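Okay, structure first, notes after.
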Amino acid sequence: MATTERTAEILQGLHDAVVDFEEDDTVALAHAAIDEGVDAYNAIMNGLARGMETVGDLYARQEYFVPELLLCADALYAALDILRPHLQIEAQAEPRKIILGVVEGDIHDIGKNLVKVMFDAAGWEVIDLVADVKIERFAEEQKRTGAQVVGISALMTTSMLAMPKIIKMVKDGDPNVRVLVGGAPINSDIAATYGADGYADNAGEAVAAAQIMVARA
Ligand code: B1M
């Protein structure tokens with residue numbers, strides 16, 4: 001079991017390797033995390049995802065541009081593949097289904113993919129519509145699959161405007177279906193204004209929020 005200092009070193013290493021788009025390093029550190037008993041959830045959220053947040057700041061400051069973003073994403077995904085099978089999240093007693101997708105016009109899917117990993121690990125069946133999803137498809141897929149929850153992600157202030165339309169379509173189809181929203185420009189006030197049943201700030205909270213929503217339904 002890694003000491004507190006070693007755990008912090010591995011998490012910081014994962015963060016730095018994502019920022020420096022050093023895929024070999026993210027892979028080596030992901031293996032080290034597993035071998036040395038660092039919790040996979042901690043490594044994903046406080047190493048990889050935190051690294052991608054720093055990348056976002058570098059992009060905002062115009063120190064990084066689109067090619068760097070893509071290389072950082074590659075480094076993140078390489079480590080995520082190694083860590084994913086080791087995630088331990090309390091599984092559901094009853095099987096649950098969630099539709100997940102990023103709204104139309106928006107191809108930012110890293111956050112949604114982290115959300116998917118957490119739901120998979122918690123034993124949910126995830127119907128992943130991927131990104132740039134046409135607004136009608138969320139309601140169509142919910143109807144087809146009978147999913148209890150529809151999860152919608154948006155990363156842009158422009159694309160998030162599709163959310164209320166999607167939520168209305170889903171609720172018109174079945175008012176008992178629960179809708180969870182998330183993504184960097186969203187907060188709980190916006191979620192409530194849009195008519196969503198819940199909001200989650202990050203991937204881990206998304207599972208907890210969905211479980212509460214379904215339990216209350
Ligand atoms: Co671009 N991008 N991007 N981008 N990109 C943003 C979003 C932007 C804020 C950057 C900026 O200007 N500062 C800005 C949007 C501005 C706005 O709001 N209007 C922007 C822009 C403008 C663009 C382009 C237009 C750039 C261009 O081409 N000129 C273009 C848009 C293309 C399109 O979508 N049509 C574009 C393209 C790209 C890349 C392809 C290069 C790449 C995406 C790669 C990919 O996803 N496959 C990219 C990236 C990487 C970013 C930033 C830098 C980082 C996003 C990210 O991956 N974060 C981003 C800046 C930022 O967000 N600060 C930016 C890490 C990820 C782990 O966090 O996605 O927030 P996040 O997810 C979190 C939570 O939000 C939450 O959990 C996740 C994990 O904890 N969460 C949920 C997310 N979804 C959830 C759903 C839930 C619950 C929680 O329930 C269902």
Side-chain angles (χ1 to χ4, degrees), residues 14-15 18-19 21 41-77 79-80 83-84 87 89 96-122 124 126-133 138 142 147-163 166-167 170 177-188 190-191 194 196-214:
L14 286 167
H15 166 280
V18 168
V19 173
F21 40 92
Y41 179 83
N42 199 9
I44 291 171
M45 296 304 292
N46 297 315
L48 301 178
R50 196 169 59 83
M52 210 59 209
E53 280 172 28
T54 301
V55 171
D57 294 340
L58 290 167
Y59 183 71
R61 296 205 301 266
Q62 299 194 334
E63 290 179 40
Y64 273 15
F65 298 92
V66 167
E68 284 88 355
L69 298 188
L70 295 174
L71 291 170
C72 294
D74 286 347
L76 176 147
Y77 281 131
L80 187 62
L83 294 166
R84 186 193 334 241
L87 266 174
I89 296 181
R96 308 282 197 203
K97 283 187 208 173
I98 181 167
I99 308 281
L100 262 189
V102 182
V103 297
E104 190 167 357
D106 195 334
I107 62 165
H108 297 91
D109 64 355
I110 298 171
K112 183 272 298 171
N113 289 339
L114 289 179
V115 171
K116 176 175 190 257
V117 162
M118 298 303 164
F119 275 100
D120 278 337
W124 286 59
V126 181
I127 298 107
D128 185 3
L129 307 182
V130 197
D132 190 13
V133 181
F138 288 89
Q142 188 286 321
Q148 294 93 343
V149 179
V150 173
I152 318 169
S153 179
L155 260 288
M156 298 195 292
T157 48
T158 44
S159 64
M160 67 193 251
L161 302 176
M163 278 181 168
I166 296 168
I167 295 167
V170 170
V177 176
R178 296 291 169 242
V179 181
L180 175 70
V181 294
I186 312 296
N187 59 40
S188 51
I190 293 173
Y194 283 178
D197 300 291
Y199 158 77
D201 184 54
N202 63 54
E205 284 179 19
V207 175
Q211 284 169 345
I212 291 168
M213 288 185 326
V214 171

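As the structure lists them, so they are numbered: ligands from 1, and atoms in each ligand from 1. On a predicted model such as this, the values are computed, not experimentally measured, just so you know.
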So for I152 against ligand 1, with non-hydrogen atoms under 4.0 Å, the contacting part is backbone

How does E53 reach ligand 1, if at all, at less than 4.0 Å between non-hydrogen atoms: by side chain, backbone, both, or neither? neither

Between CZ on residue R96 and CZ on residue F119, distance to nearest 0.5 Å: 11.5 Å

Between D109 and K112 (side chain of the first, backbone of the second, donor and acceptor by atom type, cut-off under 3.5 Å), is there such a pair? no

Specify whether the nearest protein heavy atom to atom 32 (C) of ligand 1 is under 4.0 angstrom away. yes

Identity and separation of the nearest protein heavy atom to atom 26 (C) of ligand 1: Y59 OH, 3.5 Å

So which heavy atom in the protein is nearest atom 46 (O) of ligand 1, and how far is it from that ligand atom? D109 N, 2.8 Å

Which residue and heavy atom of the protein sit nearest atom 22 (C) of ligand 1, plus the separation: M156 SD, 4.5 Å

What is the nearest protein non-hydrogen atom to atom 35 (N) of ligand 1, stated with its residue, atom name and distance? G105 O, 3.0 Å

Distance, nearest 0.5 Å, that separates CG of L100 from CG of N113: 9.0 Å

Just by distance, do the side chain of D132 and the backbone of E104 share a donor-acceptor pair under 3.5 Å? no

Any nitrogen or oxygen of H108, side chain or backbone, less than 3.5 Å from one on ligand 1? yes

the protein heavy atom lying closest to atom 67 (C) of ligand 1 turns out to be L114 CD1, 3.6 Å

So, taking the atom named CG in L69 and the one named CZ in F21, what distance separates them when rounded to the nearest 0.5 Å? 10.0 Å

Separation between CG of D120 and CD1 of I98, rounded to the nearest 0.5 Å: 10.5 Å

Under 4.0 Å from atom 38 (C) of ligand 1, do we find at least one protein heavy atom? yes

Determine whether the side chain, the backbone, both or neither of L155 has a heavy atom under 4.0 Å from any heavy atom of ligand 1. both

The answer for which part of T157 has a heavy atom under 4.0 Å from ligand 1 is both

Measure from atom 81 (N) of ligand 1 to every heavy atom in G183, A131, P185, G204 and give the option owning the shortest one. G183

Heavy-atom protein contact below 4.0 Å for atom 17 (C) of ligand 1: yes

Counting heavy atoms only, which part of D201 comes closer than 4.0 Å to ligand 1: side chain, backbone, both or neither? backbone

Answer yes if a protein heavy atom lies under 4.0 Å from atom 85 (C) of ligand 1, otherwise answer no. yes

If you scan the protein for heavy atoms around atom 54 (C) of ligand 1, do you find one that is closer than 4.0 Å? no

Closest heavy-atom approach to atom 77 (O) of ligand 1 among A203, P67, G182 is made by A203

Out of G56, C72, A49, whose heavy atom sits nearest atom 63 (N) of ligand 1? G56

I need the nearest protein heavy-atom contact for atom 40 (C) of ligand 1: residue, atom name and distance, please. I107 CD1, 3.8 Å

Quiz question for you: does at least one protein heavy atom lie closer than 4.0 Å to atom 43 (C) of ligand 1? yes

Within a 6.0 Å radius of atom CD on E63, are there more than 12 heavy atoms belonging to other residues, nucleotides or ligands? yes

Minimum-distance protein heavy atom relative to atom 58 (N) of ligand 1: M52 CG, 4.0 Å

Would you verify that at least one protein heavy atom lies under 4.0 Å from atom 24 (C) of ligand 1, or report that none does? no

Donor-acceptor check, side chain of Y199 to backbone of I186, threshold 3.5 angstrom: yes or no? yes

Donor-acceptor contact present, side-chain D106 to main-chain A154, <3.5 Å: no

Under a 4.0 angstrom heavy-atom cut-off, which atoms of ligand 1 come close to A200? 88 (C), 89 (C)

Does any N/O atom on K112 come nearer than 3.5 Å to any N/O atom on ligand 1? no

Hey, does the side chain of Y64 reach the backbone of V19 with a donor-acceptor pair shorter than 3.5 angstrom? yes

Looking only at protein heavy atoms, which one is nearest to atom 68 (O) of ligand 1, and what is the separation? G111 CA, 4.4 Å

Ignoring angles and geometry beyond distance, decide whether A60 reaches within less than 3.5 Å of ligand 1 through its nitrogen or oxygen atoms. no

Report the part of L69 in contact with ligand 1, treating N, CA, C, O as backbone and CB onward as side chain, heavy atoms under 4.0 Å; options are side chain, backbone, both, neither. side chain

Any protein heavy atom nearer than 4.0 Å to atom 48 (C) of ligand 1: yes

